[in-house]
Amino acid sequence: MINKEIRVRYAPSPTGYIHIGNLRTALYNYLFARHTGGKFIVRIEDTDQARKVEGAVENLIATLKWAGLDYDEGPEKGGDYGPYYQSERLDIYKTHVDILLQKKKAYYCFCSAERLTALREEQQKQKLNQTKYDKRCLQLSDEEVSANIAKGMPHVVRLNVDPSSTIKFKDDVRGDVEFSGEVVDDQVLIKSDNYPTYHLANVIDDHLMKITHVIRGEEWLPSTPKHVLLYEAFGWDVPVFAHLPLLLNPDRSKLSKRQGDVAVEDYRKKGFLSEALINFIALLGWTAGDDKEFYYIDELIKSFSLDRVNKSGAVFDIEKLNWLNAEHLRRKSDTELIQMLRDDLKTSKYSGNEYSDEYLLKVIHAMKERVSFVQEFYEKGSYFFEEPASYEEAALKKRWKEESPAILSKYSEKISTYENPVKEDFEKILHETAAEMNVGNGNVIHPLRLATSGVSGGPGIFEILDIIGRDKTITRINAILEKLK
RNA sequence: GCUCCCAUCGACUAGGGGUUAGGUCACCACUCUUUCACAGUGAAAACACGGGUUCGAAUCCCGUUGGGAGCGCCA
């Protein structure tokens, strides 16, 4: 065990999208592997024929790539311990289950689904401690079993659990955990369609792929005794487990679709930066112990350790994610920001327009401290991309005075004498206008802001005017005078 | 119902026998800015409860309560 290379895996089932909780699991596996210099493996758990979803694996890989979680072995990449799709490892499970059958650690069961349902209902009615299979088929003689199989009777293979046993295992986040064999059901290992169940395939693959640490969600804790029993039945070393605290809805139930977005894809579509999402979910259940909140992934790798993972569930609070997104966005370079804005613009209603880098950069500088998302550059700063369609009601009420039209006309008039006014000119003219009209600067600034941007907030007025330029300023002044006549 | 897990501000968390129980998000106020934001300053805000151990418990132990997960031929 000493000096053995650390190998961890992320083992999703391809159901169409990555749940945000699963991304966190993948992230912790990734961080642990990278921190320790170990290997991070991706394995596709596609043993449920009924739940197969077309394109799910591609989506999964794309999402991992977007998140920046590169893996060492897995689909599309290969590795020494493949195949990395469970559906391509069926013969492996078959040979292994035969060993269990031979050792009498597992047995064939011919009970029908109806009998099982009836049994469960009966047990529930009797308010028995737990519902579990009654081991009836264990009584079958070898001859009966062979005869049944020869007849083509549908069957499964079950794990033969000794109720008198005690199952103990080590969990790196929870310490020592103990279960009584009494409460462990004779788990189905091979389904009647000949596919293995998760429990069987998972244990065999983890062993064969030399997985040293099983890092997964807490929802797996109750089935871990089954897995331990399987390792023992095979005579294999049991890996170290680390059951991660659950990600929670605001009402503290397990994070679910009903109470918001759970697909990583949803957050991506909303414009969240992968860096921000990664930073955020890393802190949901883990802390370095200091007061650092802002992390890039390489910093996470450097500080991550399993022993600082929390035990209790963490509510997914979108507010903090929003904040982190803004923080990450603000630290991007101009070049990056221009590119991101361009890409985003392509899918916006301004997709037909052409903008120079110089222009976009001005917008970015003006808006950088005011946005949390890339798309907000043109949503909150729409006036850099089109004329205001309407004027903010409250601001109008507060700032639009009887003399405003005259003031704006004066401003417009003065500015038209300039060939190419710059920021300082716009300011100078403002002071002149205020003086000549015998009003305070505010009486010019606010109506001007409304006319050119339509809203009361935003960058400094001279910066706005400088960006949109003389002609648009004049056009917009004329427009508001016309509209508010 | 049973099994297991968990319990510090609204949220994420630090602390883990002696602390004015610290930080971050959100919220509020002030400063800066004739706007908004950023930034800065400040405020408000928590050890679930009961026993025990101890000179001393948020911290260790037990119990209670509360919450969660799991109890499939799904993963």
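In this text, all values refer to a predicted model and were calculated from it rather than measured experimentally. Lettering of chains follows the sequences in order, A, B, ..., and the numbering in each one begins at 1. When reading the values below, keep in mind they use all heavy atoms of this one structure, side chains included, and skip hydrogens, waters and symmetry mates.
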Atom pair distance, as rounded to whole Å: NZ in A:Lys292 and P in B:G23: 18 Å
B:G1 versus B:A26 - spacing of their C1' atoms, nearest Å: 40 Å
A:Tyr17 vs A:Asp266, side-chain hydrogen bond (donor to acceptor under 3.5 Å, both in side chains): CA-CA, chis, key distance, verdict: CA-CA 10 Å; A:Tyr17 63 91; A:Asp266 294 332; over 6 Å; no
Phosphate contact (B:G72 OP1 or OP2) by A:Arg120 side-chain N/O below 4.0 Å: yes
Donor on one side chain, acceptor on other, A:Lys94 and A:Asn194, under 3.5 Å: no
Check: A:Asp206/A:His227 side-chain N/O donor and acceptor closer than 3.5 Å: no
Rounded C1' spacing from B:U54 to B:C60 in Å: 10 Å
N/O donor-acceptor pair, side chain A:Ser312 with base B:C6, under 3.5 angstrom: no
Distance-only side-chain donor-acceptor flag, A:Gln259 / A:Asp251, under 3.5 Å: yes
Donor-acceptor pair under 3.5 Å, A:Arg370 side chain vs B:C36 base: yes
Donor-acceptor pair present, A:Glu218 side chain and B:G70 base, under 3.5 Å: no
Complementary nucleotide of B:C55, counting Watson-Crick and G-U pairs under 3.5 Å: B:G18
Interatomic distance at C1', B:G16 relative to B:C25, whole Å: 25 Å
Pairwise P distance, B:A69 and B:C28 [rounded to whole Å]: 33 Å
